Each structure stands twice: as structure tokens, then as C-alpha cells.
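Have a look at the structure below, then the notes.
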Amino acid sequence: MVEHQGRPGWAEVEDFLSATLVQGGAGMEAVVRSIDEAGMPRIEVAPTAGKLLMLLVRIQGAKRVLEIGTLAGFSTIWLARGLPDGGHLTTCEFRPEHAAVAQRNIDAAGFGATVDILIGAALDTLPTLAGGDPYDFVFIDADKGNNLQYLKWALRLGRPGTVVVMDNVIWEGTILDPGSDPDAAAIRAALEFMGTSDSFEATAIQTAGAKGWDGFALAIIR
Ligand code: DHB
Ligand code: MG
């Protein structure tokens with residue numbers, strides 16, 4: 001293969017795609033600033049991935065979205081942008097101080113009446129949602145060790161046809177070396193569950209960008 005000196009890399013291409021197709025999105029600059037100001041980790045989804053979430057919610061025609069892992073509300077706001085008027089989003093956040101930052105960002109983006117933040121361990125708050133209307137779309141992006149449990153909650157709180165997206169399923173390729181890292185093992189187990197369970201029709205896509213080598217799983221509940 002010909003060597004390309006100074007050839008652009010994934011991160012630069014990602015910047016180009018964000019600038020060309022996403023343009024930051026109104027209000028998202030303030031969300032990113034809030035993450036930095038609060039000293040929170042910069043692990044929000046890439047702008048291109050956020051816009052993908054918005055498009056998937058719209059393609060699905062989802063009226064009720066469940067998110068597990070709010071952080072500062074970056075993906076929450078993208079998901080909410082995909083909802084029709086009268087749509088609803090429930091998002092689960094472990095840490096109250098992160099939820100407070102997210103609530104401010106969600107309110108500033110105009111989704112205060114659309115979004116409910118459930119504060120606490122999702123495995124404690126998700127059971128409170130049982131018995132309500134099913135969710136049409138579930139985005140899992142929280143502590144990776146509980147991914148398998150979160151998939152099972154998606155099955156309980158969804159319906160046939162519900163779309164499930166799970167972030168960070170490649171984890172720099174460590175899913176092939178699950179002994180290296182408990183998170184890698186948990187992510188791999190969740191993928192294997194999606195692949196073997198009769199309840200999911202699933203695939204996964206690798207991504208390379210500003211956040212390195214990762215990817216997401218996409219499934220529907222059968
Ligand atoms: C981490 C978590 C994420 O959800 C992500 O997208 C990237 C990194 C992390 O915990 O390191
Ligand atoms: Mg993530």
C-alpha cells in the first residue's frame with residue numbers, strides 16, 4: 001500500500017463530518033462547556049452519533065424513549081430532538097451532581113417538560129417504570145458492567161418492535177480479550193446475549209472517530 005505522508009486520520013475526518021453535517025447543533029456548545037466546567041469526563045457521544053440517535057428516534061416514529069446513562073444530557077437532548085410533540089423521554093442517572101448539570105442543559109434546550117431524570121442506580125429506578133406504557137426506543141450508555149441487566153430491562157419495558165441501541169460495544173477491541181478488563185467481558189456478554197436471545201434481532205457497527213475505536217449495537221425486540 002502506498003504510504004500517505006501526513007494523511008488525515010479518523011479524528012480529523014470526524015471533525016469534518018461534524019462541521020459539515022452537524023454544525024454542533026444549536027445549544028450543544030453550551031452542553032459541552034458544562035461538562036468541562038463541572039469536571040465531568042468527556043465521554044458524551046460524538047456529535048455525529050448524537051445526530052444518528054435523533055434520526056433513529058425519528059425513523060422509528062418513537063413517542064417514548066428510555067435512556068440509561070444521562071451524564072450531562074448531551075445524548076438526551078439529541079434523542080429528545082427526534083421526538084414528536086407530546087413525546088416523552090425517561091433518562092436514568094446514577095450521580096445526583098451529574099443529573100443537576102443535565103437538568104439545567106435539558107431545560108435550556110427546551111425539553112424540561114419532555115424529559116424526566118430518574119436519579120440513582122438504574123437497576124433500582126428501572127423497576128419503578130414497570131407497568132407503564134412500553135418504550136419505543138431504548139439507548140443504553142451507562143456503566144458497562146450492567147449492560148446485560150440493562151438489556152433485560154429493555155425487554156421488560158419495551159415491546160415487539162422497540163429499537164435498542166447500546167453504546168461502546170467494541171471498547172478498543174478488548175471484547176476479543178475479555179480477560180483483560182471486566183468491562184470488556186461484560187460488553188462481550190451483552191453482545192452474545194443479543195446474538196443468541198430469541199428476543200433480539202441485532203447487529204453491531206464499529207466506529208472510528210474522535211473517541212477512538214468503538215461502536216454501537218443496534219437491535220429490535222422481536
Ligand atoms: C466511557 C463511557 C462511555 O459511555 C463512552 O462512550 C466512552 C467511554 C468510559 O467510561 O470510559
Ligand atoms: Mg458511551
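Keep in mind that the numbers below use all heavy atoms, side chains included, and drop hydrogens, waters and symmetry copies. Note that the structure is predicted; figures quoted are calculated from it, not measured. Both counts, for ligands and for their atoms, begin at 1 and track the order of listing.
Hydrophobic clustering of Ile, Leu, Val, Met, Phe, Trp and Tyr side chains at less than 4.5 Å, counting indirect connections, unites Met28 with Leu79. Residues Ile140 and Met194 share a hydrophobic cluster, clusters being chains of Ile/Leu/Val/Met/Phe/Trp/Tyr side chains in contact below 4.5 Å.
To the nearest 0.5 Å, the span separating CD on Glu192 from CD1 on Ile175 amounts to 9.0 Å.
Within 4.0 Å of ligand 1, counting heavy atoms only, the contacting residues are Ile43, Asp141, Lys144, Asp167, Asn168, Trp171, Lys211.
Under a cut-off of 6.0 angstrom, the local environment of CZ in Phe94 is sparse, with at most 12 non-hydrogen atoms contributed by other residues, nucleotides or ligands.
Side-chain atoms of Phe139 and Val163, non-hydrogen and from C-beta on, never get closer than 4.5 Å to each other. Proximity of Phe193 to Lys152: side-chain heavy atoms (C-beta onward) are separated by under 4.5 Å at one or more points. Annotation: side chain of Thr48 is not in contact with side chain of Thr207 (no heavy-atom distance under 4.5 Å).
With waters neither drawn nor counted, the protein N/O/S atoms under 2.8 Å from the Mg ion (ligand 2) amount to 3.
Partners of Glu201 according to the side-chain contact (heavy atoms from CB on, under 4.5 Å) rule, which considers only residues two or more places apart in sequence or in another chain, are Ile220, Arg222. For Asp124, the side-chain contact (heavy atoms from CB on, under 4.5 Å) partners at least two apart in sequence or on another chain are Ala121.
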